[in-house]
Amino acid sequence: MFEKNIYEQYGLYCDEKFSFGQYEGFRSGEHTYVLMPSLRRQDHLRVQMAWATELQSMGIPQIAELVPDVNEKAVTKVDGMQQLLFRLPQWSPREGAEATSEGETLALIHAFSRGWVPEVGELHLYGRWLSLWEARMEQLEAFQQTIAHRLQKTAFDEQFLYTFPYYLGRAETAMQWLVEEGREQLLPPYEATITHTRFTPRAWMVADEHRTQVKMPLSFVYDHPARDIGEQLRYWYEKDDEAEAADFLQKYTHGQPLPSQTWALVGARLLFPLSYIELVEEHYMNEGVSDARSSVSEEPLEMALAGEERYMKHISQCLRAELPEVANAHWFTRERLAKFFSM
């Protein structure tokens with residue numbers, strides 16, 4: 001059925017089908033393709049593809065190309081879902097200009113795209129962190145109130161009720177830091193760049209070990225560079241890998257210090273418990289879709305809490321090094337850390 005749909009919709013023969021993480025891919029002739037669900041409006045896609053074209057013209061390597069169907073439409077139904085087809089750049093060795101590291105390439109993207117303000121509001125996240133974070137915490141508080149009144153609670157429910165007060169406190173600290181130290185409300189206009197919804201080592205696809213990482217335009221949003229820096233550091237600190245975090249920073253900055261306001265915004269992102277929030281959201285927003293509630297394990301929440309002290313120590317060391325006058329004041333005192341780890 002998949003091969004038939006691909007031929008009927010795109011006129012392409014599927015020589016080999018495989019998976020790119022959560023996405024389906026295939027090879028046709030000399031080219032490699034990947035299907036991605038169409039989750040945003042057409043105007044979002046138009047802006048993201050325009051950004052991709054501009055970045056390519058400035059020398060950013062390996063950006064995926066949108067492939068229209070036989071009717072010249074961008075969005076096509078494949079296997080019952082509205083999807084987009086992207087052609088990955090053909091194989092090229094990682095040498096010369098394309099041998100730049102992930103951190104160096106990200107810095108170039110940020111430098112080239114400063115001030116590319118989109119006319120689509122949903123892609124414009126610059127200066128909106130506080131309102132977005134407040135909305136997500138309000139949703140978690142609503143979950144907490146609903147779960148607290150359940151007569152029959154699962155192991156996941158119990159662990160959520162146990163951990164929520166701690167993570168609510170951490171989120172409130174992050175939002176306080178964002179206002180007092182990050183001064184988000186005073187950010188100058190047009191200082192944002194092209195960033196990613198969630199920048200981790202998996203944000204760029206790798207078809208094989210020899211190929212430069214492929215940038216997928218669907219992940220592009222307009223925000224402060226601190227978004228990408230903070231999420232990459234979050235990933236490595238949660239993995240307890242300071243060496244990789246330091247290597248990314250060194251390559252991104254070329255050994256030059258970041259501005260203090262950028263570090264203040266990075267600090268706010270690191271303090272905000274995004275991984276925990278996503279875990280809880282995914283569970284309760286999909287509740288009833290998967291297996292019976294009683295079979296859901298509380299282990300993911302337990303694992304998140306088990307690594308919390310180590311994670312907080314990583315970010316406190318990082319921020320004390322980069323913002324000593326700020327972080328050594330009341331944010332990471334022994335009393336505040338004791339409050340975090342009192343559970």
Considering all heavy atoms, the nearest [X]-[Y] contact:
{"X": "E184", "Y": "G127", "answer": "OE2-C, 3.1 Å"}
{"X": "Q213", "Y": "P201", "answer": "NE2-O, 4.2 Å"}
{"X": "S113", "Y": "T193", "answer": "OG-CB, 3.5 Å"}
{"X": "P37", "Y": "Q83", "answer": "N-OE1, 4.0 Å"}
{"X": "M49", "Y": "A64", "answer": "CE-O, 4.2 Å"}

Give the C-alpha distance, both sets of side-chain angles, the deciding distance and a yes or no for side chain to side chain contact (heavy atoms under 4.5 Å, CB included) between Y276 and F164. CA-CA 9 Å; Y276 173 83; F164 180 68; 4.0 Å; yes
[X]: which residues meet the salt bridge (charged side-chain N to carboxylate O under 4.0 Å, His left out) condition with it, sequence neighbours left out?
{"X": "R183", "value": "none"}
{"X": "E191", "value": "R114"}
{"X": "E119", "value": "R46"}

Just by distance, do the side chain of [X] and the backbone of [Y] share a donor-acceptor pair under 3.5 Å?
{"X": "S28", "Y": "H31", "value": "no"}
{"X": "K215", "Y": "A203", "value": "no"}
{"X": "D247", "Y": "E244", "value": "no"}
{"X": "N71", "Y": "K73", "value": "no"}
{"X": "T195", "Y": "V221", "value": "yes"}
{"X": "Q261", "Y": "G182", "value": "yes"}
{"X": "Q48", "Y": "F220", "value": "yes"}

Reported [atom1]-to-[atom2] distance for the pair [X] and [Y], which is rounded to 0.5 angstrom:
{"X": "Q144", "Y": "E141", "atom1": "CD", "atom2": "CD", "value": "7.5 Å"}
{"X": "F156", "Y": "E302", "atom1": "CZ", "atom2": "CD", "value": "10.5 Å"}
{"X": "L168", "Y": "M137", "atom1": "CG", "atom2": "CE", "value": "5.0 Å"}
{"X": "T163", "Y": "F160", "atom1": "OG1", "atom2": "CZ", "value": "7.0 Å"}
{"X": "K153", "Y": "I147", "atom1": "NZ", "atom2": "CD1", "value": "8.5 Å"}
{"X": "T105", "Y": "L55", "atom1": "OG1", "atom2": "CG", "value": "11.0 Å"}

Is there a side-chain contact between [X] and [Y] in this structure, where contact means two heavy atoms from C-beta onward sitting under 4.5 Å apart?
{"X": "E104", "Y": "H254", "value": "yes"}
{"X": "I315", "Y": "L233", "value": "no"}
{"X": "E102", "Y": "F199", "value": "yes"}
{"X": "L218", "Y": "F86", "value": "yes"}
{"X": "V34", "Y": "V214", "value": "no"}
{"X": "L249", "Y": "I229", "value": "yes"}
{"X": "Y252", "Y": "L258", "value": "yes"}
{"X": "E54", "Y": "I194", "value": "no"}

Using the test side chain to side chain contact (heavy atoms under 4.5 Å, CB included), find all partners of [X] that sit at least two apart in sequence or belong to another chain.
{"X": "A74", "value": "Q42, L45, L66, L84"}
{"X": "L279", "value": "P300, L301"}
{"X": "E122", "value": "R41, H44, V120"}
{"X": "T200", "value": "R198, R202, Y235"}

Show the numbers, then the answer: is there a side chain to side chain contact (heavy atoms under 4.5 Å, CB included) between L106 and F248? CA-CA 10 Å; L106 181 67; F248 163 75; 3.8 Å; yes
Does M81 share a hydrophobic cluster with Y10, counting links as ILVMFWY side-chain heavy atoms below 4.5 Å and allowing steps through other members? no
Determine whether M303 and W236 fall in the same hydrophobic cluster, where Ile, Leu, Val, Met, Phe, Trp and Tyr are linked whenever their side-chain heavy atoms lie under 4.5 Å apart.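 Unlinked, M303 and W236 end up in two clusters.
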Distance only, no hydrogens: is a donor on one side chain within 3.5 Å (strictly under) of an acceptor on the other, for Y166 and E308?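 Y166 vs E308: donor-acceptor pair found between side chains.
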Electrostatic pair R87-E65, nearest N-O below 4.0 angstrom: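 Looking at R87 and E65, the cut-off is met.
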Would you call R234 and E278 a salt bridge, using N to O less than 4.0 angstrom?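 No.
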Side-chain donor/acceptor pairs under 3.5 Å, residues 267-274, sequence neighbours excluded:
residue, atom, partner, partner atom, Å
R269, NE, E231, OE2, 2.9
R269, NH2, E231, OE2, 3.1

Going by ring pair (Phe, Tyr, Trp, His ring centres under 6.0 Å), name the residues that satisfy it together with Y222, two or more places apart in sequence or in a different chain.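 Only H124 meet the ring pair (Phe, Tyr, Trp, His ring centres under 6.0 Å) criterion with Y222.
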Side chain to side chain contact (heavy atoms under 4.5 Å, CB included) evaluation trace for Y284 with L140: CA-CA 9 Å; Y284 287 116; L140 256 65; over 6 Å; no
Checking side chain to side chain contact (heavy atoms under 4.5 Å, CB included) for the pair V70/T76: CA distance, chi angles, key distance, verdict? CA-CA 10 Å; V70 292; T76 304; over 6 Å; no
Hydrophobic side-chain clustering at under 4.5 Å (ILVMFWY, transitive links): who's grouped with L186? Put none if nobody.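 Traced through the cluster, L186 reaches no other member.
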Could you list all the salt bridge (charged side-chain N to carboxylate O under 4.0 Å, His left out) pairs where at least one residue sits in residues 6-26, not counting sequence neighbours?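 Non-adjacent pairs meeting salt bridge (charged side-chain N to carboxylate O under 4.0 Å, His left out): K4-E8, E16-R27, K17-E24.
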Could you note down all residue pairs passing side chain to side chain donor-acceptor pair (under 3.5 Å) where residues 126-138 supplies at least one of them, sequence neighbours left out? W129-D223, R136-E281
Show your working on ring pair (Phe, Tyr, Trp, His ring centres under 6.0 Å) between H196 and W204 and close with a plain yes or no. CA-CA 10 Å; H196 302 72; W204 295 342; 5.7 Å; yes
Matching residue for Y13 among Y7, F26, Y33 - test: ring pair (Phe, Tyr, Trp, His ring centres under 6.0 Å): Y7
CD (E3) with more than 12 external heavy atoms under 6.0 Å: yes
Would the number of heavy atoms belonging to other residues, nucleotides or ligands and lying under 6.0 Å from CD of E30 be above 12?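 Not buried by this count: 12 neighbours or fewer within 6.0 Å.
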